[in-house]
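Input: a single structure, listed below in structure tokens.
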Amino acid sequence: IAKVFPYNFSQNGLVAYKNGELQEIQTISKHLGEDNIKKIVNWTLKYLADVDIPVKRGTFIEFRSGMMNISPIGRNCSREERNDYEKVD
């Protein structure tokens, strides 16, 4: 596809191609800077520690190139635990 169309933007626009040549790769950490990412993660984890919800399991922040996926109950919970959380949310 990068060779068919003159401009291509993959990964939600974070990777840019022009005439099949890579032009730019952007990430949330490059845009915000590592110090700001750490501030966001630290604040979020402190906040989530005080949230009273039925269960908390595993990964609460999943870092991706273009976003941070934050899950108050954790990404490792079961379907039943997600359903219980949905009732509270």
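This structure is a prediction, so every number in the text was calculated from the model and none was measured.
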*Between Met67 and Leu32, is there a shared hydrophobic cluster once you connect ILVMFWY residues whose side-chain heavy atoms come closer than 4.5 Å?*
no
_According to side chain to side chain contact (heavy atoms under 4.5 Å, CB included), who are the partners of Leu14, at least two apart in sequence or on a separate chain?_
Gln11, Gln26, Ser65
*How long is the span from the NZ atom in Lys56 to the CG atom in Asn76, to the nearest 0.5 Å?*
14.5 Å
*State, with a plain yes or no, whether a side-chain heavy atom of Glu34 is found less than 4.5 Å away from one of Lys38.*
yes
*asked:* To the nearest 0.5 Å, what is the distance between CD1 on Ile73 and CD on Glu86?
replied: 9.5 Å
_Could you see if Ile53 belongs to whatever hydrophobic cluster contains Val55? Use Ile, Leu, Val, Met, Phe, Trp, Tyr and a side-chain cutoff under 4.5 Å._
no
*Taking atom CG of Asn83 and atom CD of Glu81, what is their separation to the nearest 0.5 Å?*
10.0 Å
*Report, as yes or no, whether the 6.0 Å neighbourhood of atom NZ on Lys39 holds more than 12 heavy atoms from other residues, nucleotides or ligands.*
no
_Please give me the minimum heavy-atom distance between Asp84 and Pro54, naming the atom from each residue._
O-CG, 4.3 Å
*Do Trp43 and Val51 belong to the same hydrophobic cluster, where Ile, Leu, Val, Met, Phe, Trp and Tyr are linked whenever their side-chain heavy atoms lie under 4.5 Å apart, directly or via other members?*
yes
*Count the heavy atoms of every other residue, nucleotide or ligand shown that sit under 6.0 Å from CZ of Phe63, and state whether that count exceeds 12.*
yes
*Of all heavy-atom pairs between Gln23 and Tyr17, which one has the smallest distance, and what is that distance?*
CG-C, 4.1 Å
*Do you know the tightest heavy-atom contact between Leu48 and Phe60?*
CD1-CB, 4.0 Å
*In Å, rounded to the nearest 0.5 Å, how long is the span from NZ of Lys30 to CD1 of Ile37?*
13.0 Å
*State, yes or no, whether a side-chain contact exists between Ile61 and Thr44 at a heavy-atom distance under 4.5 Å.*
yes
_Are Phe9 and Phe5 linked, directly or through intermediate hydrophobic residues, by side-chain heavy-atom contacts shorter than 4.5 Å (ILVMFWY only)?_
no
*In this structure, are over 12 heavy atoms from other groups packed under 6.0 Å from Asn36 atom CG?*
yes
